[in-house]
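Heads up, the thing below is written out as C-alpha cells.
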Amino acid sequence: MPPRKVRLAVSAYGVGGPGQHGLWKDPRVPNDASIDIRYYIRQAQLAEQALFDAYFIVDSQFINASYPSHYLNRLEPLTLLSAVATHTSHIGLVGTASSTYNSPFNLARRFASLDHISGGRAGWNVVTSFDTGTSTNYGLDEHLDYATRYGRAHEAVEVVRGLWDSYEDDAFPADVARNVFLDPAKLHALHHTGEHFRVAGPLNISRSPQGQPVIFQAGVSEEGRNLAAHIAEGIYAPGGTLADAQAYYADVKQRAAALGRDPEHVVIFISAAPVIGSTDENAHKISRDIYELDNDFDRKLGFLGRAFGAYDFGRHDLDAPFPDVSHLAANGGRTTGAEIVRRARAQKLTLRQVVASFTEYRPSPFTGSPTTVADAIEHWVNSRATDGLNMNFRTLDDLERFAEDVVPLLQARGVFRTEYEADTFRGNLGLPIPANRWTAADQVATAA
Ligand SMILES: Cc1cc2nc3c(=O)[nH]c(=O)nc-3n(C[C@H](O)[C@H](O)[C@H](O)COP(=O)(O)O)c2cc1C
C-alpha cells in the first residue's frame, strides 16, 4: 500500500489566539498583525510555497476585554480571504462563518464569490457560535439552544448547497450570433421551505471551477459530530492525546460511513502547535519558555469564563470551591464547560486549582528536532488519529522553519506532495466535484 499522505493547514492567529496570552509581546509580531492584510498574505504565501492544503481563518462575533488578543481586533474572514486569494494561486482558503447568525442566502453568495475570486479554492467552516453573548449583537435576548442551532446548521448547509447549484455549468452560452446570453432552462430556483428558512432563490452567481466550496466543520458534542458526519468534507478537530484523536477519528468517520458517505471524503485536520528546535532538548526548552511567556494568571482566569457565556470568575474567591456555574454552559461551550465542572467536582478543586489544572504545562506532541516532529506527524497519520494537521505557528519565522526543516523530510519519505496535484482546493484534497443537482437529475432521467 502506498504511504498515507499527510495534509497540512495553517490557522492564522496574528497577535495570539486562545492561551497565547504573551504572544503580542514577541517583537517579531507587530501589534496590528491581526488587522494587517499584508501579514496574512505573507503567511498564506509561505504556506503555499510549502504546498500546504489550506489556510484557515477562525472567527467569532462576541468579545469582552478578557478575550485572546487576536479576537479583540481582527478582520472579517471573507473580506480577509478575498484579499489573500488575489495573492495566492493554489492553497485552499477556509473561512469560518456562523450558521446561527447569518442567512443562508448571504452565506451562499459570499462563499461563491470567494470561490470565483480564488479560482475554486474556497471553503466554509460551518460553526454554530458558542459565545452566548453573540445573541445580543443580533437583537436577540437569548442565544439559541443547541438543538435549534444545530438544526439550523443542517438546514443552512442544505439551502446554501441548493443555492450554489442555481446555474447549470453551461447556463451562459453568451452567444452573440443567436443573441442568447443566458439559457433560462439552466437557471433553477430552489423554492426551499423548511423549519428554519424560507428561501426562493435562485442565487445570482454561478458555480466555480470546483463546483462548490468545500464544507468544513468543527464540533465535538454529539450534535457537532452528527453535523460533521452529514455535511463535513473537512473537519477541524480538537487535538488532545493520540488516543483521544484516534477515538474522535474513528467515531466521526464511522458516523459518515453509516450515512452512506465515503469516509475518505471527510478529511480530518487536528489542531497542533509544533515547536521545532535544533535538538529535542532545545525544542522542549523553547516550549517551556513559550509557556512561561503565556502564563498570565488573570488572563487565564478571564478566558476560563468563555465556555460559561463569558462569565466573570473574577468575582469569586480564588481559594473557595469552584462555583456552581454548569447551567451557564448549557447553550454555549457545553462540552468544554461540562468537562471543567466534572473535573472540579471529581477532584474537589478550588477556582485557582481549576485554572491551574486546565492550563498546566503540556508540550505539544509535535515538539522536537525536525526529524522528531516529522516522525510524530507520520505516526499520527499512520495511526489514524488524523489525516493531517491544522497548525498554529506563533510567528512567520516559525512557519518558515517548519517549511524549510520539516516539509522536506515528509516529502523525502513520500508522505507529502512535492507539487500541487490540481488548481482547485477540492482537487488537492482529493474530494470529488459535487454534481449539480439539476444536471444529475437530468442524467438520471435520461438513463431511466
Ligand atoms: C479546532 C477548532 C476550531 C474551532 N474554531 C471555531 C471558530 O473559529 N469559531 C467558532 O465559533 N467556533 C469554533 N470552534 C468551536 C466549534 O464550532 C464548536 O462550537 C465547539 O467545538 C463546541 O462544540 P460543540 O458545540 O459540538 O460542543 C472550533 C472548535 C475546534 C475544535
Side-chain angles (χ1 to χ4, degrees), residues 7 9-14 17-20 34 54-63 67-68 70-71 74-78 80-81 94-102 107 123-135 137-138 143-154 156-157 215-232 234-240 244-245 248-249 251-252 255 267-273 303 306-310 326 329-342 364 386-392:
R7 306 268 165 212
V10 64
S11 198
Y13 288 108
Q20 297 180 318
S34 298
Y55 186 61
F56 267 110
I57 303 297
V58 301
D59 194 43
S60 63
Q61 301 170 84
F62 168 85
I63 53 161
Y67 270 52
H70 174 72
Y71 288 21
R74 65 173 164 190
L75 298 176
E76 188 282 317
L78 278 119
L80 184 172
L81 287 174
V94 185
T96 297
S98 172
S99 53
T100 305
Y101 295 106
N102 278 294
L107 287 167
W124 171 24
N125 180 33
V126 182
V127 297
T128 64
S129 297
F130 64 92
D131 283 309
T132 54
T134 316
S135 60
N137 292 332
Y138 286 87
H143 195 49
L144 302 180
D145 62 30
Y146 250 74
T148 311
R149 280 194 284 131
Y150 277 97
R152 258 182 83 103
H154 280 269
V157 174
I215 302 283
F216 275 72
Q217 199 268 353
V220 280
S221 62
E222 187 61 22
E223 291 89 341
R225 290 171 190 229
N226 270 336
L227 178 65
H230 275 97
I231 58 119
I235 295 184
Y236 201 21
D244 292 340
Y248 180 87
Y249 185 97
D251 179 57
V252 174
R255 286 180 199 235
V267 185
I268 299 186
F269 291 81
I270 50 151
S271 296
F303 197 55
R306 188 180 185 204
F308 304 95
S326 47
N331 286 338
R334 191 165 69 185
T335 314
T336 311
E339 174 55 18
I340 293 172
V341 171
R342 189 201 60 75
S364 160
T386 190
D387 296 313
L389 268 58
N390 175 36
M391 294 178 287
N392 183 348

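Order of listing sets the numbers, starting from 1, for every ligand and every atom in it.
- Judged as a ring pair (Phe, Tyr, Trp, His ring centres under 6.0 Å), and not counting sequence neighbours, Y55 has no contacts.
- When each of T336, T132, D131 is tested with R306 by the rule side-chain hydrogen bond (donor to acceptor under 3.5 Å, both in side chains), just one qualifies, namely D131.
- At a 4.0 Å heavy-atom cut-off, ligand 1 touches V58 through backbone and side chain alike.
- Look at T128 and you'll find every heavy atom at least 4.0 Å from all atoms of ligand 1.
- Considering backbone and side-chain N/O atoms, D59 comes within less than 3.5 Å of an N/O atom of ligand 1.
- Of all atoms in ligand 1, listed by their number and element, those nearer than 4.0 Å to a heavy atom of S221 are 24 (P), 25 (O), 26 (O), 27 (O).
- Of all the listed residues (I270, V220, T336), V220 holds the heavy atom that lies closest to atom 22 (C) of ligand 1.
- Geometrically, ligand 1 and S129 share no nitrogen or oxygen pair separated by less than 3.5 Å.
- The ligand atoms of ligand 1 that sit less than 4.0 angstrom from a heavy atom of G224 are 26 (O).
- Taking the salt bridge (charged side-chain N to carboxylate O under 4.0 Å, His left out) definition, one finds that R255 meets it with E222, D251, sequence neighbours left out.
- Using cut-offs of 30° and 60° for the angle between ring planes, the F216 and F56 rings count as perpendicular.
- Nearest to atom 31 (C) of ligand 1 by heavy atom, out of P238, P77, P18, is P238.
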